[in-house]
Each structure stands twice: as C-alpha cells, then as structure tokens.
Protein chains: 2
Amino acid sequence: MATAGAIEVDPALRRRLSKLTGATGSPEVDKHGVQFTRNARDYKAGQAIAFEGEEVASVLCVLDGWISLSKTLEDGERQIIDFGLPGDIVTAVAADGTTSCLEVDALTDVTVAALSHADWERRQSASPELREMADHLAAASHARLSERMLRLGKGSAPVRIAYALLELCVRLRSIGQTQDHTFHLPLTQQHLGEFTGLSSVHVCRTLRRLSRQQIIQTEDHLDIKIIDLAALSGIAGIGPDRLQAEIVPAPMPTILAPGNG
Amino acid sequence: MATAGAIEVDPALRRRLSKLTGATGSPEVDKHGVQFTRNARDYKAGQAIAFEGEEVASVLCVLDGWISLSKTLEDGERQIIDFGLPGDIVTAVAADGTTSCLEVDALTDVTVAALSHADWERRQSASPELREMADHLAAASHARLSERMLRLGKGSAPVRIAYALLELCVRLRSIGQTQDHTFHLPLTQQHLGEFTGLSSVHVCRTLRRLSRQQIIQTEDHLDIKIIDLAALSGIAGIGPDRLQAEIVPAPMPTILAPGNG
DNA sequence: CGACCTTTTGAAACGATTCAATACTGGTGG
DNA sequence: CCACCAGTATTGAATCGTTTCAAAAGGTCG
C-alpha cells in the first residue's frame with residue numbers, strides 16, 4: 001500500500017470504493033509481473049493535487065489518507081473549505097463544469113482516484129446504488145459546509161474549535177478511525193486555523209484552554225482525546241448524534257455487502 | 001400571479017421550471033372554473049417554509065420570489081447559508097435523507113414547488129437534461145458556499161459586503177433582474193448581516209463607507225447601484241466574469257428552447 | 001397620530017490578531 | 001553522538017477591527 005503506517009483503512013471501505021470507481025488502491029501485478037494501479041494515483045504528504053482555475057477531472061475519490069480542499073484570498077490568506085477523508089467523493093468543479101473552484105492538497109500520503117465527467121456519469125448510470133451514494137455524500141458535504149459556515153459567521157473561537165474537533169471525531173468514527181473518542185489529526189495548528197478562520201496563535205490558546213478545563217487532552221501535536229464529550233458538545237452547540245445524522249452519509253448495505261467486494 | 005409587483009420573472013425561466021417540476025406557478029382554471037395550482041404553493045413574505053430538524057420534502061423549486069436558507073446557534077444568532085432565487089432548486093435534507101438541516105423562510109412573497117424524494121428521482125430518471133441541470137445547480141450552490149466561506153473566515157467587513165453585493169448582482173443578472181448594475185435586494189441590513197456574519201450596525205457603516213467612496217450608491221433601503229465595478233471587484237477579491245463562471249449554472253438550451261415551454 | 005421597525009452615528013468594551021521572544025520537535029549532516 | 005536547522009507550539013503585550021450599547025432620525029402602516 002502506498003500510504004505508510006499511520007492510517008489503517010477499513011477494508012470494507014476500500015472494497016466499496018474500488019468497486020465503484022474501478023480503482024485499485026493497492027498496486028496489482030499483471031501477468032507479466034508489472035506493478036500497476038488502475039485509475040488511482042498516489043501523492044505524497046504536502047503535494048498539490050489540483051489548483052484553482054485549472055481544468056480538472058470531474059470527480060476525486062479518496063481511497064486513502066487526508067486531502068484538503070481550500071481557497072485563498074488575494075492577500076494569501078487561505079481557507080480550508082473541507083477535508084476529504086477515506087471514502088469521500090469530491091467534486092471540485094465550478095458551475096461551468098470544466099475548471100476547479102478549489103485547490104486540492106494532500107495532507108498525508110494519499111491514494112486518490114480521478115474520474116472524468118463522462119466516466120463518472122457512465123458509472124452512475126450503470127449503478128443506481130452508486131448514484132444514491134454520491135447523492136448522500138453530496139448532501140453530507142453540503143450539511144458540513146452549512147454547519148461550519150454558521151460557526152464561522154456567528155461563533156466565537158471556542159465554538160469553532162469545539163465544533164471542528166467534534167466534526168472530525170464523528171467523521172473519523174464513521175470510518176473506524178477513533179477509539180473511545182481518541183483520534184489523530186494529521187494537521188498543524190496552522191491547518192486548524194485555516195479550517196476555523198482563526199490565527200494559528202489563537203488556535204493554540206483555545207486548545208490549551210480546553211485542555212486546562214479538562215474537556216480535551218492533547219498529545220504529540222494533535223492526538224486528541226475528548227474527555228468531556230458533553231461539555232465539548234455544549235460549546236460546539238450540537239451533539240455527536242445529531243451531527244452524525246446530518247453530516248455522515250448513511251451506510252449503503254447493498255454496496256458494502258461482502259459479496260460485492 | 002401570487003407575487004405582488006416588485007419582482008418580474010423571466011417567462012423562459014418560469015417555463016423551464018414548470019416543465020421540470022410539473023408545477024404551474026400561476027393558478028390555472030379547470031373546466032369547472034375552479035382555480036388551482038399543481039404542486040406549487042405560495043407563501044407570504046416573512047413566512048416560514050420549513051424548520052430545521054423537521055421532516056421535509058426532498059426538494060424545493062423556487063418559481064418566484066426570494067427565500068433564505070439559514071441556521072441558528074443556540075444563543076439565537078442566525079446565519080443565512082444561502083438565498084434561493086427564482087430558478088433555484090434547493091435540497092435542504094441532511095445526510096440521513098429525511099430531515100431538514102436548514103430553516104427555510106420566505107423573504108418576499110414566493111411561489112415554491114415541493115417535490116418528494118421519490119417524485120424528484122422519477123423526474124430526474126425520465127429526463128437526463130433535468131439531471132444535468134440539477135447537477136449544475138448543485139455545483140453552483142457548492143461554489144457559492146465555498147466563496148462565501150473563504151470570506152467569512154478570512155475577509156474583513158468590506159470584503160464580505162463587497163462580495164455579497166457582487167454575488168447577488170451576478171446572480172440577479174443571470175435571471176434578468178438587473179439593469180446596468182442596478183438591482184433591488186428584498187433584504188434588511190439585518191439580513192445582510194446574517195448573510196455576511198456581521199452585525200447590522202457594521203453592515204450599515206460598511207455600506208455607507210462604500211457609498212462615500214463612490215463605489216456603490218444606495219437608495220430606498222437596498223436599491224443598489226454599482227458605480228465602480230472594478231473597485232468593488234477589487235475589494236471582493238474576484239471579478240464578475242470569473243464569479244459568474246463559478247456560481248451561475250450554465251444555461252440549458254435544450255430545456256430553455258421555446259418548443260419545450 | 002402613535003407604534004414599530006429600520007437605519008444611522010458615536011463611544012466604550014471586547015475578542016482576535018499581530019508582533020515578538022522562547023521552547024520544543026524531528027530530521028540532517030558533520 | 002551531538003550540533004544544527006527548519007518548522008511548530010507556546011506565551012505575553014500591544015494593536016486593531018468588530019461588537020455592543022445607546023440615542024436619535026427616518027420610514028411605514030394601522
């Protein structure tokens with residue numbers, strides 16, 4: 001597998017995505033002994049995957065690792081619009097259908113499958129389940145943006161940070177990457193600032209305050225443990241259950257069934 | 001027509017939507033002389049159309065007038081996530097597919113057609129053009145949220161206000177509701193504050209400053225005339241042309257053609 | 001006309017940013 | 001192995017932009 005150690009992906013997730021996109025995240029060996037991957041490409045942490053304004057493939061499927069979708073203002077200030085986690089399907093095209101309206105970057109080593117508009121359409125037409133899954137993922141993405149926008153516009157720093165941690169916890173939980181409200185974020189405080197619209201300095205202060213209040217515990221630069229989930233939810237203004245219903249796409253049993261892997 | 005005076009809708013737009021949704025915005029008279037409308041419902045300005053957390057129809061088509069899509073924090077602070085203008089198709093459902101993750105309100109008298117998930121699916125399956133149009137509208141909506149989120153997170157008050165005016169100008173232009181960069185917003189400064197994440201007081205100050213700088217001209221509570229488009233674009237950090245490509249769905253000649261009306 | 005909502009402006013208070021200095025981390029090469 | 005480096009985290013102090021509070025003016029409607 002391309003991605004080194006840190007992130008272990010749920011095999012069911014990978015199976016689902018491989019089936020849907022025709023991509024094989026891990027290299028296969030053909031009959032001549034040559035390694036290849038179908039559709040999927042690997043990128044190293046920190047690498048740019050797509051630039052704003054560039055012509056892009058219609059759809060990106062994240063097979064492995066984290067990507068960030070961001071935009072920058074003329075003065076260089078960057079806003080992370082969303083994170084792409086394993087299992088996410090990202091459409092970064094603008095309304096004109098051809099150019100990207102977002103910059104896409106690899107936060108960790110990642111494996112990403114890029115599909116053309118035509119290819120994506122073909123696959124969706126062939127599989128109503130895929131279409132439904134894509135619709136759910138899009139609805140989840142939209143709901144995430146809305147929740148975040150609410151807090152960007154009207155929330156204080158603690159609200160934004162608490163919400164960000166809660167959102168990422170819920171999303172990671174849904175793909176099996178948390179244990180008892182403990183999880184790792186492959187981010188710097190700078191990233192978290194770009195995500196929450198705060199300066200990295202203020203992110204630091206706010207995290208330390210939450211830490212001193214025994215609401216979270218941090219280790220090793222953003223290994224997060226949520227100690228007091230109720231308190232964190234209280235600050236964020238939403239609980240994990242309602243948040244999950246809103247921003248995590250419902251599992252698709254048909255597609256996830258072992259027989260389809 | 002249900003909507004009084006202020007907003008005149010492009011007949012082509014209404015034709016397009018009526019065909020797609022099966023709704024007739026204006027009352028029809030059946031053979032018994034009884035007035036009726038199919039699917040579409042009218043709401044008065046200020047009326048709530050849907051509440052957050054409520055079970056909702058999957059899709060709302062705005063036939064006439066403005067609606068706002070908003071969320072509120074526990075302390076009562078509200079953020080307007082997006083406006084729905086004539087011709088927009090709004091899906092307010094959360095990822096769970098059943099409940100609304102947004103509050104929907106009528107800003108003017110409006111005519112809105114509500115479609116169930118099943119109905120919407122059926123229509124999309126029957127018409128690839130409809131599916132494509134819906135995809136474009138969704139991409140446009142996503143691009144709008146992204147642009148706005150960038151400025152909510154990283155932009156100063158003038159940037160946010162300038163962008164909001166520019167976005168609304170571009171959107172209104174695309175449905176024929178501007179004349180020479182002059183347009184009417186059916187909003188209060190309070191609304192504009194909820195849209196831009198600013199207090200209404202600061203919206204006022206910022207508008208007056210833009211006005212004093214001869215960049216815009218305001219009359220009659222939010223009749224806006226953009227005098228210096230270049231300057232406004234400069235502040236907003238994006239020009240009208242690029243913005244239009246990003247956030248306005250491409251017209252669909254097949255559907256808009258008179259023969260299909 | 002009065003009641004109510006919206007806009008406008010000033011002054012004080014608050015929260016977040018910026019600047020700056022120090023400490024910590026992991027990786028590199030002598 | 002240690003020294004060094006660049007990037008990151010942490011903390012304090014000063015500054016800045018926005019909010020809040022308050023008061024007055026304008027508009028609309030019964």
Side-chain angles (χ1 to χ4, degrees), chain A residues 4-6 44-46 73 75-79 105 107-109 151-165 184-213 216-224 235, chain B residues 4-6 44-46 73 75-79 105 107-108 151-162 164-165 184-213 216-224 235:
Chain A
K44 294 226 173 287
L73 230 36
D75 61 8
E77 290 282 10
R78 160 178 314 202
Q79 174 72 35
D105 296 283
L107 289 171
T108 64
D109 291 353
R151 285 159 184 86
L152 268 180
K154 297 285 141 65
S156 63
V159 172
R160 298 189 204 178
I161 294 290
Y163 174 79
L165 295 179
H184 172 72
L185 301 181
L187 306 171
T188 63
Q189 293 183 353
Q190 175 71 27
H191 285 129
L192 217 45
E194 290 169 352
F195 187 51
T196 54
L198 298 168
S199 67
S200 64
V201 173
H202 208 58
V203 169
C204 176
R205 284 188 224 279
T206 309
L207 281 175
R208 310 261 67 246
R209 198 168 311 147
L210 290 174
S211 202
R212 252 179 270 120
Q213 295 172 277
I216 63 169
Q217 201 172 298
T218 66
E219 260 168 56
D220 242 22
H221 295 289
L222 290 184
D223 275 330
I224 306 282
I235 297 172
Chain B
K44 293 228 173 285
L73 230 35
D75 62 7
E77 291 281 10
R78 161 179 311 204
Q79 174 72 36
D105 296 283
L107 289 171
T108 63
R151 285 159 184 85
L152 268 181
K154 297 283 139 74
S156 63
V159 171
R160 299 188 204 178
I161 293 291
L165 295 179
H184 172 73
L185 302 180
L187 307 171
T188 63
Q189 293 182 352
Q190 175 71 27
H191 285 129
L192 218 44
E194 290 169 353
F195 188 51
T196 54
L198 299 168
S199 67
S200 63
V201 173
H202 209 59
V203 169
C204 176
R205 284 189 225 279
T206 309
L207 281 176
R208 310 261 67 246
R209 198 167 310 146
L210 289 174
S211 203
R212 253 180 269 119
Q213 296 172 278
I216 63 169
Q217 201 172 298
T218 68
E219 261 168 56
D220 242 18
H221 295 285
L222 289 184
D223 275 332
I224 307 283
I235 297 172

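Lettering follows sequence order; numbering is per chain, from 1.
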Is there a donor-acceptor pair under 3.5 Å between the side chain of H191(A) and the backbone N or O of T188(A)? yes
Please report, rounded to the nearest Å, how far the C1' atom of dT9(C) is from the CZ atom of R212(B). 10 Å
Ignoring backbone atoms, test whether Q189(B) places a side-chain nitrogen or oxygen under 4.0 Å from the OP1 or OP2 oxygen of dC5(C). no
Gap between atom CG of L207(A) and atom OG1 of T218(A) - 0.5 Å precision: 7.0 Å
Could you tell me whether a side-chain N or O of Q79(B) sits under 3.5 Å from a main-chain N or O of E194(B), the two making a donor and an acceptor? yes
Please give, in whole Å, the distance from dG17(D) C1' to I161(B) CD1? 14 Å
Euclidean distance, atom CD of residue Q190(A) to atom P of dA6(D) [Å, nearest integer]: 18 Å
For nucleotides 13-17 of chain C, give me every protein contact, N/O to N/O, under 3.5 Å, one pair per line with atom names.
unit_1	atom_1	unit_2	atom_2	d
dA16(C)	OP1	A157(A)	N	2.8
dA16(C)	OP2	H202(A)	NE2	3.2
dT17(C)	OP1	S199(A)	N	3.2
dT17(C)	OP2	S199(A)	N	3.2
dT17(C)	OP2	S199(A)	OG	3.1

Does any N or O in the side chain of D109(A) come within less than 3.5 Å of the main-chain N or O of A45(A), such that one atom is a donor and the other an acceptor? yes
Nearest whole angstrom, please: distance from the P of dT8(D) to the NE2 of H191(A). 8 Å
From CZ of R208(B) across to P of dA25(D) the rounded distance in Å is 17 Å
Output for pair (K154(A) NZ, L152(B) CG), nearest 0.5 Å, gives 8.5 Å
pair H184(B)-L222(B): side-chain heavy atoms closer than 4.5 Å: no
When the distance from CG of L207(B) to P of dT8(C) is rounded to whole Å, what number comes out? 8 Å
Over how many whole Å does the gap from E219(A) atom CD to dT25(C) atom P extend? 12 Å
Atom pair distance, as rounded to whole Å: CG in D75(A) and P in dG17(D): 14 Å
